[in-house]
Amino acid sequence: QVQLVESGGGSVQSGGSLRLSCAASGYTYEAMAWFRQAPGKQREGVARIYRASGLRYYADSVKGRFTISRDATKNTLSLQMNSLQPEDTAMYYCTASTRAVVGLNPNHYKYWGQGTQVTVSS
């Protein structure tokens with residue numbers, strides 16, 4: 001059974017940190033990623049990591065502030081978010097693909113979690 005369950009969202013002040021986690025089950029996922037969606041905006045890719053190589057890719061908006069990681073033995077995905085800004089406020093989604101998809105196109109990811117809310121106040 002495919003399940004992606006996010007946790008770790010919450011409210012934080014500008015400059016603060018949060019760590020998101022995603023517990024995955026169902027398949028061996030070759031690529032896992034985090035997306036986010038703010039009210040009235042399109043879903044945006046944040047970061048992606050490959051299972052085999054551990055290669056990471058980040059959106060320009062989060063480079064140097066966010067770190068994606070994966071524990072293959074536990075099949076969990078994490079996103080460490082530092083120096084959070086109000087523009088980071090969004091619902092954050094864990095997503096996965098059984099293929100090593102390139103980039104952060106949401107159409108390439110078949111499996112999605114329900115999301116966890118991150119709110120950053122100024």
A.B. asks: Tell me, yes or no, whether the heavy-atom count around Arg19 atom CZ, taken from other residues, nucleotides or ligands under 6.0 Å, exceeds 12.
C.D. replies: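 Check passes, neighbour count above 12.
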
A.B. asks: Check step by step if side-chain contact (heavy atoms from CB on, under 4.5 Å) holds for Val2 and Tyr29.
C.D. replies: CA-CA 11 Å; Val2 174; Tyr29 301 110; 3.5 Å; yes

A.B. asks: Is the backbone N or O of Gln1 less than 3.5 Å from a side-chain atom of Gln3, with the two atoms forming a donor-acceptor pair by type?
C.D. replies: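 Side chain of Gln3 to backbone of Gln1: no pair is present.
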
A.B. asks: Minimum heavy-atom separation for Ala31 to Tyr50, with atom names?
C.D. replies: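 Heavy atoms only, the tightest pair is CB-CD2, 3.9 Å.
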
A.B. asks: Please lay out, stage by stage, how Gln80 and Ser17 fare under the test side-chain contact (heavy atoms from CB on, under 4.5 Å).
C.D. replies: CA-CA 8 Å; Gln80 177 65 42; Ser17 299; 4.0 Å; yes

A.B. asks: Report yes or no: does Glu6 contribute a side-chain atom to a donor-acceptor pair with the main-chain N or O of Cys94 at less than 3.5 Å?
C.D. replies: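 Flag set: sc Glu6 to bb Cys94 pair under 3.5 Å.
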
A.B. asks: What are the two closest heavy atoms between Leu104 and Gly45, and how far apart are they?
C.D. replies: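 Closest heavy-atom pair between Leu104 and Gly45: CD1-C, 3.7 Å.
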
A.B. asks: With distance as the sole criterion, is a donor-acceptor pair present between the side chains of Arg36 and Tyr92 under 3.5 Å?
C.D. replies: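 The answer is yes; a qualifying pair exists.
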
A.B. asks: Return the CZ to NZ distance between Arg99 and Lys110, rounded to the nearest 0.5 Å.
C.D. replies: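 Rounded to the nearest 0.5 Å, the CZ-NZ separation comes out at 10.0 Å.
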
A.B. asks: At what distance, to the nearest 0.5 angstrom, does CG of Leu84 lie from OG of Ser11?
C.D. replies: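 Answer rounded to 0.5 Å: 11.0 Å.
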
A.B. asks: Could you walk me through whether Val102 and His108 pass the side-chain contact (heavy atoms from CB on, under 4.5 Å) check?
C.D. replies: CA-CA 8 Å; Val102 176; His108 293 166; over 6 Å; no

A.B. asks: Any side-chain donor paired with an acceptor under 3.5 Å for Thr76 and Asp71?
C.D. replies: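 No, Asp71 and Thr76 have no side-chain donor paired with an acceptor closer than 3.5 Å.
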
A.B. asks: Kindly state whether the ring of Phe35 and the ring of Tyr109 have centres lying under 6.0 angstrom apart.
C.D. replies: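 For Phe35 and Tyr109, the ring centres are under 6.0 Å apart.
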
A.B. asks: Should the pair Arg51-Glu30 be classified as a salt bridge under the 4.0 Å nitrogen-to-oxygen rule?
C.D. replies: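 Judged by the 4.0 Å cut-off on N to carboxylate O distance, Arg51 and Glu30 do form a salt bridge.
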
A.B. asks: Decide yes or no for Trp34 and Leu20: does some side-chain heavy atom of the first lie under 4.5 Å from some side-chain heavy atom of the second?
C.D. replies: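 The answer is yes; the side chains approach within 4.5 Å.
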
A.B. asks: Which heavy atom of Gly9 sits nearest to which heavy atom of Val118, and what is that distance?
C.D. replies: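 That would be CA-CG2, 4.2 Å.
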
A.B. asks: Measuring from atom CD of Glu87 to atom NZ of Lys41, what distance do you get when rounded to the nearest 0.5 angstrom?
C.D. replies: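 Answer for the CD-NZ pair, Glu87 versus Lys41, is 8.5 Å.
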
A.B. asks: Show, in sequence, the C-alpha distance, side-chain angles and deciding distance for Arg70 and Met32, and conclude whether the side-chain contact (heavy atoms from CB on, under 4.5 Å) test is met.
C.D. replies: CA-CA 9 Å; Arg70 182 174 179 176; Met32 296 189 74; 3.6 Å; yes

A.B. asks: Just checking Gln114: does its CD atom have more than 12 heavy atoms from other residues, nucleotides or ligands closer to it than 6.0 angstrom?
C.D. replies: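 12 or below, so no.
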
A.B. asks: For a quick test of reading the model, state the closest non-hydrogen atom pair linking Ile49 to Leu77 and the distance between them.
C.D. replies: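 Where Ile49 meets Leu77 most closely, the heavy atoms are CG2-CD1, 3.7 Å.
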
A.B. asks: Measure from NZ or CZ of Arg56 to the centre of the six-membered ring of Tyr58 and say whether it is under 6.0 Å with the direction within 45° of the ring axis.
C.D. replies: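 Ring-cation test returns no.
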
A.B. asks: For the backbone of Tyr111 and the side chain of Thr95, can you confirm whether one donor and one acceptor N or O come within less than 3.5 Å of each other?
C.D. replies: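 Looks like yes, one N/O pair under 3.5 Å.
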
A.B. asks: Which atom names give the shortest non-hydrogen contact between Val101 and Ser97, and what distance separates them?
C.D. replies: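 Reported closest heavy-atom pair: CG1-OG, 3.6 Å.
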
A.B. asks: Does the side chain of Ser61 reach to within under 4.5 Å of the side chain of Glu44, using non-hydrogen atoms?
C.D. replies: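 A side-chain contact exists here, since the closest heavy-atom pair is under 4.5 Å.
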
A.B. asks: If you group Ile, Leu, Val, Met, Phe, Trp and Tyr by side-chain heavy-atom gaps below 4.5 Å, do Leu4 and Leu79 land in one group?
C.D. replies: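 Leu4 clusters together with Leu79.
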
A.B. asks: Looking at Ser14 and Ser122, what are the two nearest heavy atoms and their distance?
C.D. replies: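 That closest heavy-atom pairing would be CB-CA, 4.1 Å.
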
A.B. asks: Going from CZ on Arg48 to CD1 on Ile68, what distance comes out if it is rounded to the nearest 0.5 angstrom?
C.D. replies: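 If I round to the nearest 0.5 Å, the distance is 8.5 Å.
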
A.B. asks: CG/Asp88 to CG/Leu18 distance, rounded to the nearest 0.5 angstrom?
C.D. replies: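 These two atoms lie 10.0 Å from each other.
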
